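As the structure is a prediction and not an experimental result, all values here were calculated from the model. What you see below is based on every heavy atom in this structure, not just the backbone, and it leaves out hydrogens, waters and symmetry mates.
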Amino acid sequence: MDLDRALMRLLDATTAEVYTKDELRQKLEKSAKTGKPLRVKLGVDPTAPDIHLGHAVVLRKMRAFQDLGHIGVLIIGDYTARVGDPTGRSKTRPQLSDDEIEANAKTYKEQVFRILDPERTEIVCNGDWFKELAFSDVIRLASRFTIARLLERDDFTIRLGKNLPISLHEILYPVMQAYDSVMVKADVELGATEQTFNILMGRQLQDQMGQERQIGLLAPILTGICGSVRMSKSIGNYIGIMEKPSDMFGKTMSIKDELIGEYLRLATDFEASHIERLERALADQSKNPRDIKFEVAKRIVAIYHGDEAADEAASEFERVFSRGMAPSEMPVMTLHEQHITDGRVWIANLLKIAGVATSNSSALGLVRQGAVSLDGKQVTLDHADVKVASGMVLKVGKHRFFNIQLER
RNA sequence: GGGGAGAUACCCAAGUGGUCAAAGGGGGCAGGCUGUAAACCUGUUGGCGUAGCCUUCGGAGGUUCGAACCCUCCUCUCCCCA
């Protein structure tokens, strides 16, 4: 693959900004000439064990580098997790305990190889170098940065404007991330656009410490399925890459129309020309947006579960939601003897056992609103003690189904 | 170190002695309409087997027949000055 094709591949729609394009070209050129692969860094905080499509944009970018023969260096921020990245936060993040960090890092590793090439991936923990630093080293490192520069970033400006607290340790976060770049001798650092500041700090620090500056390659931020803010585990508006095909499909179908183009560009791996065609169809309304969304959903499932699973998810979706039938597979809820009197169960208890409600009040609220049905028959407050038998289907809301099984 | 402001439910925010389980907005959930879209309309959003009761307004005490509201101490945050 020649240089221009490689550049085109790397700088597709999933790249929002490059610092700088010329330097990237030079690095690629030099690598091709010397045969020495580039070291492409990505830092992850082991705070959110579920990797979702938002992370995937950047991970797939790393995979693109790997496919071109370069090395992906994944830094598990076990040490930075103790700090908490202030990026995009209006609040100080909680600091994690060692056990939590270890468990999270483990699940992280299990998931990333759904996307990355294990042969060309290095995984390191930044605790390896941070725990060796003496306080005097930290002071020396900190002296390379100025407060004005560190406070420049939006997150802090906003917080200062709102008179919200900023802890000293949060200021250190970009410093640590920059130091990571130095330690792994990064040629390229990947991140979402929100990482711009941190990544640029890495360039500056490498420069000061006598290294060639890394390239910053920034991916757009994927909007969450609810449509207003970025995809995030803590907000719960995400599609995880380990999720079941049917859930992935359904969640994708529930995004609003305005988001289709974004998901098309950032979350699928369609050819650029195909994406363009679909986007045009969206714009001139020559196709029903639903159908395009359908195609996007199918593609996303196919990336993580294969074509067959995607087809199944699609037909299941049509069956359940287009034709209103019960899904072919639904979670089983088991009722034990102690739950049942004379073959009946109070509906509030049933809903609590199903995990749909946490209290009688909220359960009865659902019943009152007509959201609950058993075998297709709506449950009412007047008949709140319902007869149950194995094989009955409990439906709550539009799309929560449970298969009831009696034990003994 | 000195002075000032503040902490209310998931979030923002009203409330300054009883009529407060606590206005309003956001978010969530649910119903209608749909394409499991958006927009819109409606309901719901502490707990208790569904009735009245119980526990909530940063924490601990106190005043009062009665406290989110008044007093004391404590914790935390912000602002101004040094």
Between CG on residue N126(A) and CD on residue Q177(A), distance to nearest 0.5 Å: 9.5 Å
P gap between A7(B) and A13(B), integer Å: 9 Å
M231(A)/H55(A) under side chain to side chain contact (heavy atoms under 4.5 Å, CB included): CA gap, chis, key distance, verdict: CA-CA 9 Å; M231(A) 186 172 284; H55(A) 302 121; over 6 Å; no
U72(B) pairs with, by Watson-Crick or G-U criteria that keep both distances under 3.5 Å: A60(B)
Rounded interatomic separation in angstrom, taking CG from L350(A) and C1' from G49(B): 15 Å
Distance-only polar pair, side chains of W129(A) and D180(A), donor-acceptor under 3.5 Å: yes
Of residues 351-363 of chain A, the positions that come close to RNA chain B - non-hydrogen atoms, cut-off under 4.0 Å: S359(A), N360(A), S361(A)
For G24(B), the Watson-Crick or wobble partner whose two distances fall under 3.5 Å: C12(B)
Euclidean distance, M253(A) CE relative to K298(A) NZ, rounded to 0.5 Å: 11.5 Å
Any-strand Watson-Crick or G-U partner of C78(B), both distances under 3.5 Å: G4(B)
Output one line per pair: protein atom, nucleotide atom from nucleotides 74-82 of chain B, and distance, for all N/O pairs under 3.5 Å.
from	atom 1	to	atom 2	distance (Å)
C78(B)	O2'	N163(A)	ND2	3.3

Intermediate values then yes/no, salt bridge (Lys or Arg N to Asp or Glu O under 4.0 Å), R63(A) and D67(A): CA-CA 6 Å; R63(A) 176 66 198 233; D67(A) 290 344; 3.0 Å; yes
CE/M209(A): more than 12 non-hydrogen atoms of other groups inside 6.0 Å: yes
Nearest-Å distance once atom P is located in both G26(B) and G2(B): 45 Å
For K61(A) against T14(A), the heavy-atom pair lying closest together: NZ-OG1, 2.9 Å
Matching residue for S181(A) among Q206(A), R39(A), E189(A) - test: side-chain hydrogen bond (donor to acceptor under 3.5 Å, both in side chains): E189(A)
Whole angstrom value for the distance that separates C1' of U36(B) from CD1 of I239(A): 13 Å
Protein-nucleotide distance (L364(A), atom CG; U45(B), atom C1'), rounded to Å: 14 Å
Evaluation steps, side chain to side chain contact (heavy atoms under 4.5 Å, CB included), between L351(A) and L364(A): CA-CA 9 Å; L351(A) 292 174; L364(A) 296 177; over 6 Å; no
Gap in Å between the two P atoms, one belonging to C33(B) and one to A38(B), rounded: 15 Å
Verdict with reasoning, R120(A) to D117(A), per salt bridge (Lys or Arg N to Asp or Glu O under 4.0 Å): CA-CA 6 Å; R120(A) 297 184 198 278; D117(A) 175 359; 3.7 Å; yes
Whole-Å C1' distance, C12(B) and G27(B): 10 Å
Aromatic plane relationship, F294(A) with F317(A) - under 30° parallel, 30 to 60° tilted, over 60° perpendicular: perpendicular
Nucleotide A30(B), atom C1' - distance to NE2 of H399(A) in whole Å: 11 Å
Atom P, compared across C73(B) and C54(B): separation rounded to whole Å: 33 Å
Exercise: do H305(A) and E312(A) side chains pair donor with acceptor under 3.5 Å: no
L266(A) versus V57(A), closest heavy-atom pair with distance: O-CG2, 3.6 Å
Whichever of N349(A) and R400(A) has its nearest RNA chain B nucleotide further upstream toward 5': R400(A)
Aromatic plane relationship, F65(A) with H70(A) - under 30° parallel, 30 to 60° tilted, over 60° perpendicular: perpendicular
Check against salt bridge (Lys or Arg N to Asp or Glu O under 4.0 Å), R60(A) and D269(A): CA-CA 9 Å; R60(A) 287 171 55 227; D269(A) 57 357; 5.2 Å; no
Under-4.0 Å side-chain N/O to phosphate OP1/OP2 contact, R290(A) with U34(B): no
Members of residues 375-388 of chain A that approach RNA chain B, where some heavy atom sits under 4.0 Å away: L381(A), A384(A), D385(A)
L366(A) side-chain proximity, nearest of C29(B), U50(B), G28(B): C29(B)
Opposite nucleotide pairing with U34(B), Watson-Crick or G-U, both atom distances under 3.5 Å: none
Residue Q338(A) excluded, over 12 heavy atoms near CD under 6.0 Å: yes
Gap between atoms CG and P, on L282(A) and A37(B) respectively (whole Å): 17 Å
Dump the pairs, protein N or O against N or O of nucleotides 31-33 of chain B, anything under 3.5 Å, distances to one decimal.
none

Same-atom distance (C1') from G25(B) to A37(B), integer angstrom: 25 Å
Watson-Crick or G-U wobble partner of U19(B), both distances under 3.5 Å: none
For the student: nearest non-hydrogen atoms of A56(A) and I115(A), plus distance: CB-CD1, 3.8 Å
Euclidean distance for C1', U77(B) against C29(B) (whole angstrom): 33 Å
Atom CD of E318(A) with >12 non-hydrogen neighbours under 6.0 angstrom: yes
Any-strand Watson-Crick or G-U partner of A51(B), both distances under 3.5 Å: none
Pairwise C1' distance for A82(B) and G15(B), with rounding to whole Å: 38 Å
Within residues 294-318 of chain A, residues whose heavy atoms come under 4.0 Å of RNA chain B: F317(A)
Neighbours of RNA chain B within residues 244-270 of chain A, by heavy-atom distance under 4.0 Å: G250(A), S254(A), I255(A), K256(A), D257(A)
Interatomic distance, I292(A) CD1 vs A37(B) C1' [rounded to whole Å]: 13 Å
Backbone of I255(A) reached by a side-chain donor or acceptor of K293(A) within 3.5 Å: yes
Interatomic distance where CZ belongs to F401(A) and P belongs to U36(B) [whole Å]: 13 Å
Cation-aromatic face contact K398(A)/F321(A), 6.0 Å, 45 degrees: no
Backbone of E308(A) reached by a side-chain donor or acceptor of D311(A) within 3.5 Å: no
